[in-house]
2 protein chains.
Amino acid sequence: MYLTQKSIYAIQALIFIALNNSGEFVPIREISNKLNIPFHFLTKILQVLSKQQIIETCRGPSGGVRLRQDPNQISIEQIILSIDGDRLFSECILKLPDCGNSKPCPLHDLFAPIREELQKMLSNTMLALLVKMVRDNQVKLTSVTQVQDFFPGQKQTKKPDHS
Amino acid sequence: MYLTQKSIYAIQALIFIALNNSGEFVPIREISNKLNIPFHFLTKILQVLSKQQIIETCRGPSGGVRLRQDPNQISIEQIILSIDGDRLFSECILKLPDCGNSKPCPLHDLFAPIREELQKMLSNTMLALLVKMVRDNQVKLTSVTQVQDFFPGQKQTKKPDHS
DNA sequence: TCGATTTCGGAGTCTTTTATCTTATTTGGC
DNA sequence: GCCAAATAAGATAAAAGACTCCGAAATCGA
Ligand code: SF4
Ligand code: SF4
């Protein structure tokens, strides 16, 4: 598994939060319900993202979470690093006990470039791009739900580019 | 983690077995000792490789395991597929519940090419290459041991290409 | 044949990850 | 002040992965 379940949930949740970036706080319960993410598990993940200054939280009625940074400034790499650390970008494929640059294992020279390419791709992909793709219904955030179902009254606040 | 511990052990063990491809059987206990792989765990891994026709086994005194195929015909991809299945090459990075080609998730188009490149690299890398690199001491199979320590009397049976 | 050696195969244990439950603490509105 | 709504935090449980144990079966040599 490339990412831990935590990172996967974090990315999905942040897309959902960014979809509703009207400045209001989104309740964690709503994210949990709409995306089918275990509630208490999700709260702990969002607490980490809060400490990393990616989101801010507010307790009490009409509380919840919202982005602290511009979605154009949040890379997927950054989200993964916040939750999983640099495991995905530093771990090798063979994991020899004493590996490192000084003692490369058989696959090092073949694998390192691919790992770097993966990291570059993720650092160049901003949260805003994923949000746009979901908003335009080019891709789906969950298996059965479309973006209109998340915000029934809203329905494409941006100008529809087609049809 | 890219590979399971099982696959990592399998690759390391196969390199070790191929290093000693004199036609004799290598006892699993020896592999376990030299490479610091838990013995009973390794036993089960090798049983799978045996069923996959990659190695053959022999019980009793002077028994053990040996390659059934030419190391030039065994790809790293094949080893991984035997142990882990195609998880590494089919799983997505976001793992949406109902994902697939028909309903791509936001990262699909960005991630799929990298995953394919990884698979291509692993299918093009044959066990024999890793064996050669270890034999030439370009890389190490374990943290502290060199190839001479594995087979003290042997010491470069192939003609030394350098020095 | 007998005993030692080695793989085979099933069941069980330990550890990490994932998920749940329960109890605080904060916030806003009346 | 009081209640309801929401996050914070710690303890607990379930699931998966990694590893161990034990008895059985095969093989070889004396
Ligand atoms: S030497 Fe390279 S490929 Fe080998 S374990 Fe270390 S980082 Fe991974
Ligand atoms: S759509 Fe593609 S990237 Fe998304 S979960 Fe499926 S395979 Fe992975």
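This structure is a prediction, so every number in the text was calculated from the model and none was measured.
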Q: What do the steps show when you test A:Q53 against A:Q69 for side-chain hydrogen bond (donor to acceptor under 3.5 Å, both in side chains), and what is the final call?
A: CA-CA 8 Å; A:Q53 308 292 319; A:Q69 302 176 20; over 6 Å; no
Q: Ignoring the backbone of A:Q47, work out which of D:dC19, C:dA19, D:dA8 is nearest its side chain.
A: D:dA8
Q: Between C:dA19 atom P and A:I45 atom CD1, what is the distance in whole Å?
A: 8 Å
Q: Any carboxylate oxygen within less than 4.0 angstrom of a Lys/Arg side-chain nitrogen, looking at A:E56 and A:R66?
A: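 So A:E56 pairs with A:R66 through a salt bridge.
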Q: Below 4.5 Å, heavy atoms only, C-beta onward: do A:Y2 and B:L88 meet side chain to side chain?
A: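 Counting from C-beta outward, A:Y2 and B:L88 do come under 4.5 Å.
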Q: Could you run down the sub-3.5 Å N/O contacts of the protein with nucleotides 10-13 of chain C?
A:
| from | atom 1 | to | atom 2 | distance (Å) |
| --- | --- | --- | --- | --- |
| C:dG10 | O6 | B:K44 | NZ | 2.7 |

Q: Any idea which of D:dC19, D:dA8, C:dT18 is nearest the A:T57 side chain?
A: D:dA8
Q: Rounded to whole Å, how long is the line connecting atom CD of A:E30 with atom P of D:dT7?
A: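 Result: 10 Å.
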Q: Would B:S50 and B:V48 count as a side-chain contact (heavy atoms from CB on, under 4.5 Å) here? Give the steps.
A: CA-CA 5 Å; B:S50 173; B:V48 174; over 6 Å; no
Q: Mind calculating the distance between CD (A:E24) and P (C:dG28) to the nearest angstrom?
A: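 Distance check: A:E24 CD to C:dG28 P gives 14 Å.
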Q: How many Å lie between CD1 on B:I83 and P on D:dA18, as a whole number?
A: 12 Å
Q: Report the distance from atom CG of A:N36 to atom C1' of C:dT20, rounded to the nearest whole Å.
A: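 Distance check: A:N36 CG to C:dT20 C1' gives 16 Å.
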Q: In whole angstroms, how far is the C1' atom of D:dG17 from the CD atom of A:Q5?
A: 15 Å
Q: For A:F89, which residues count as a ring-ring contact (aromatic ring centres under 6.0 Å, His included) partner, sequence neighbours excluded?
A: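 With neighbours one apart ignored, the set is empty.
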Q: Would you say A:Y9 places a side-chain N or O within less than 4.0 Å of OP1 or OP2 belonging to C:dT18?
A: no
Q: Would A:V134 and A:F16 satisfy side-chain contact (heavy atoms from CB on, under 4.5 Å), going step by step from the backbone distance to the final call?
A: CA-CA 9 Å; A:V134 173; A:F16 184 87; over 6 Å; no
Q: Could you give me the CA-CA distance, side-chain angles and deciding distance for A:R68 and A:I54, then say whether side-chain contact (heavy atoms from CB on, under 4.5 Å) is met?
A: CA-CA 5 Å; A:R68 187 185 291 250; A:I54 295 177; over 6 Å; no
Q: Please tell me which of the listed nucleotides, C:dC8, C:dA19, D:dA18, lies nearest to the side chain of B:T4?
A: D:dA18
Q: Return the value, rounded to whole Å, for the distance between atom CZ of B:F39 and atom C1' of D:dC19.
A: 13 Å
Q: Report each atom pair, protein N/O against N/O of nucleotides 1-6 of chain D, whose distance is under 3.5 angstrom.
A:
| from | atom 1 | to | atom 2 | distance (Å) |
| --- | --- | --- | --- | --- |
| D:dA6 | O4' | A:G60 | O | 3.3 |

Q: Without swapping roles, check the side chain of B:S123 against the backbone of B:K120 for a donor-acceptor pair under 3.5 Å.
A: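 The answer is yes, because a donor-acceptor pair under 3.5 Å joins these two groups.
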Q: Does a side-chain N-to-carboxylate-O contact under 4.0 Å join A:E30 and A:K34?
A: yes
Q: Separation of A:L46 atom CG from D:dA9 atom P, in whole Å?
A: 13 Å
